[in-house]
Amino acid sequence: MSLLFADEEFQGAWRELDEPQLDGGWELFTETMGVKIYRLYDQETGLYEYKVFGVLDTCTPELCADVYMDLKYRKDWDKYAKELYEKDYDGQTAIYWEVKYPFPMSNRDYVYVRERRDLDVDGRKIWVILARSSPETPCEEKSGVLRVKDYKQSVALESDGGCGTRVFLNYFDNPGGMIPTWLVNWAAKSGVPGFLTDMQKACSNYRSYCQRK
């Protein structure tokens, strides 16, 4: 199977750790707990694409990458993950992910592909994970669950020089349906810092989780 992502996409992700690319309309959205979140308005959807820069000060980048990749563990710590697993669809591996939405909204599901590379950049160790929706994957839609067809995410992780991790995260997600765009954008403001907090906690509990398995 051909590689899912081009080398340039991995290079572009880690370079943001050194030189954030914020030209072309990016604006500072919020800053919290040492994390800066920028957003870019998408005319077509009325939604925003996000870039996140920050430090997770209690976990190493390799641990972050391992936790991020572990789908079974994600179900253990992410209260919004209803279903999450990797599956072979006609020779192509993809991930199915159903996300719980509050009543009366319908749950959303994703079918996406991802790839992780552990890079050595002039002696620097950088972990990059890329993901994007895969509408061509033959996975039937469920009744009562809305399929998210436009999703992308890239993550770059590097040591902060101590016990923590410098993080770059870029994502766009169009949940579709009748959710007001202001609500989607508000959820991003609270959801991203919340996710990073949960991620740190998940990292600190990962060893005991692996021992329990």
P61 versus L157, closest heavy-atom pair with distance: O-CD1, 3.8 Å

Looking at L47, is its backbone amide N or carbonyl O close enough to the side chain of T45 to form a donor-acceptor pair, meaning the two atoms are under 3.5 Å apart? yes

Side chain to side chain, R116 and R114, heavy atoms closer than 4.5 Å: no

For the residue pair Q92 and S134, establish whether any side-chain heavy-atom pair is separated by less than 4.5 Å. yes

What closest approach, in Å, do A13 and F168 show between heavy atoms, and which atom pair accounts for it? O-CD2, 3.4 Å

Pair R166-D57, salt bridge (Lys or Arg N to Asp or Glu O under 4.0 Å): steps then yes or no: CA-CA 8 Å; R166 294 174 63 217; D57 53 17; over 6 Å; no

Should R117 and D7 count as side-chain neighbours, where that means a heavy-atom distance under 4.5 Å? yes

If the condition is side chain to side chain donor-acceptor pair (under 3.5 Å), which residues does D198 pass it with, not counting sequence neighbours? none

Under a 4.5 Å cut-off applied to non-hydrogen side-chain atoms, are Y50 and N170 in contact? no

Are the side chain of D42 and the backbone of Y48 linked by a donor-acceptor contact shorter than 3.5 Å? no

Validation: residues 171-178 side-chain donor-acceptor distances under 3.5 Å, sequence neighbours left out:
residue : atom : partner : partner atom : Å
D173    : OD1  : Y110    : OH           : 3.3
D173    : OD2  : Y110    : OH           : 2.6
N174    : OD1  : G176    : N            : 3.1

Can you tell if the side chain of V52 reaches within under 4.5 Å of the side chain of L196, non-hydrogen atoms only? yes

Take K75 and K82, measure what side-chain contact (heavy atoms from CB on, under 4.5 Å) needs, and give me the verdict at the end. CA-CA 7 Å; K75 283 188 70 178; K82 183 175 181 185; over 6 Å; no

More than 12 heavy atoms of other residues, nucleotides or ligands under 6.0 Å from CZ of R212: is that the case? yes

Please indicate whether D90 has more than 12 foreign heavy atoms, meaning atoms of other residues, nucleotides or ligands, lying under 6.0 Å from its CG. no

How close do P20 and F53 get, heavy atom to heavy atom, and via which atoms? CB-CZ, 3.4 Å

Excluding sequence neighbours, so at least two apart, what forms salt bridge (charged side-chain N to carboxylate O under 4.0 Å, His left out) with D70? none

Kindly say whether G164 contributes a backbone atom to a donor-acceptor pair with the side chain of D160 at under 3.5 angstrom? yes

List, one per line, each side-chain donor-acceptor pair under 3.5 Å for residues 139-148, sequence neighbours excluded.
residue : atom : partner : partner atom : Å
E141    : OE2  : K149    : NZ           : 3.1
K142    : NZ   : E83     : OE2          : 2.5
K142    : NZ   : Y96     : OH           : 3.4
K142    : NZ   : E98     : OE1          : 2.9
R147    : NE   : D109    : OD1          : 2.7
R147    : NH1  : C139    : O            : 3.2
R147    : NH2  : D109    : OD2          : 3.3
R147    : NH2  : E140    : O            : 3.2

In terms of side-chain heavy atoms, does N205 have a donor or acceptor partner in S208 at a distance below 3.5 Å? no

Stepwise side-chain hydrogen bond (donor to acceptor under 3.5 Å, both in side chains) test for T93 and E86: CA-CA 7 Å; T93 300; E86 205 163 47; 6.0 Å; no

Out of curiosity, does L169 fall in the hydrophobic cluster containing M69 (side-chain heavy atoms, cut-off under 4.5 Å, transitive links)? yes

Should L4 and Y85 be regarded as members of a common hydrophobic cluster, given that ILVMFWY residues are connected when their side-chain heavy atoms come within less than 4.5 Å of each other, either directly or indirectly? no

Least distance between heavy atoms, A81 atom then W97 atom: CB-NE1, 4.0 Å

For the CZ atom of F5 and the CD atom of E115, what is their distance to the nearest 0.5 Å? 6.5 Å

Summary of side chain to side chain donor-acceptor pair (under 3.5 Å) pairs that have at least one residue in residues 9-18, sequence neighbours excluded: Q11-W14, E16-K51, D18-R124

Has the side chain of T165 got a donor or acceptor atom that lies under 3.5 Å from a matching backbone atom of V167? no

Please report the shortest heavy-atom distance between Y73 and A202, naming the atom on each side. OH-O, 2.5 Å

Kindly determine whether Q211 and Y206 satisfy side-chain contact (heavy atoms from CB on, under 4.5 Å), including the steps that lead there. CA-CA 9 Å; Q211 289 169 346; Y206 192 48; over 6 Å; no

Is there a path of hydrophobic side-chain contacts, each under 4.5 Å between heavy atoms, that joins V111 and Y80? no

Mind checking whether W77 and F195 have parallel, tilted or perpendicular rings, split at 30° and 60°? tilted

Return the OG1 to CD1 distance between T32 and I37, rounded to the nearest 0.5 Å. 7.5 Å

Is the closest side-chain heavy-atom distance between C59 and S204 below 4.5 Å? no

Separation of L56 CG from Q200 CD (nearest 0.5 Å): 4.5 Å

Could you go through residues 21-31 and list every donor-acceptor pair under 3.5 Å that involves a side-chain atom there, pairing it with any protein atom two or more places apart or in another chain?
residue : atom : partner : partner atom : Å
Q21     : NE2  : E19     : O            : 2.9
E27     : OE2  : R39     : NE           : 2.6
E27     : OE2  : R39     : NH2          : 3.1

Heavy-atom distance under 4.5 Å between the side chains of E8 and F10, does that happen here? no

Working to the nearest 0.5 angstrom, can you tell me the gap between L63 CG and R207 CZ? 9.0 Å

Measure the shortest side-chain to side-chain distance between I126 and L17 over non-hydrogen atoms and say whether it is less than 4.5 angstrom. yes

Is there a path of hydrophobic side-chain contacts, each under 4.5 Å between heavy atoms, that joins Y89 and L71? no

For T60 and E62, what are the C-alpha separation, side-chain angles and deciding distance, and is it a side-chain hydrogen bond (donor to acceptor under 3.5 Å, both in side chains)? CA-CA 6 Å; T60 65; E62 186 170 16; 6.0 Å; no

Ring-face cation of R132 near Y151 (centre distance under 6.0 Å, axis angle within 45°): no

For K100, is the NZ atom crowded, meaning more than 12 foreign heavy atoms sit under 6.0 Å from it? yes

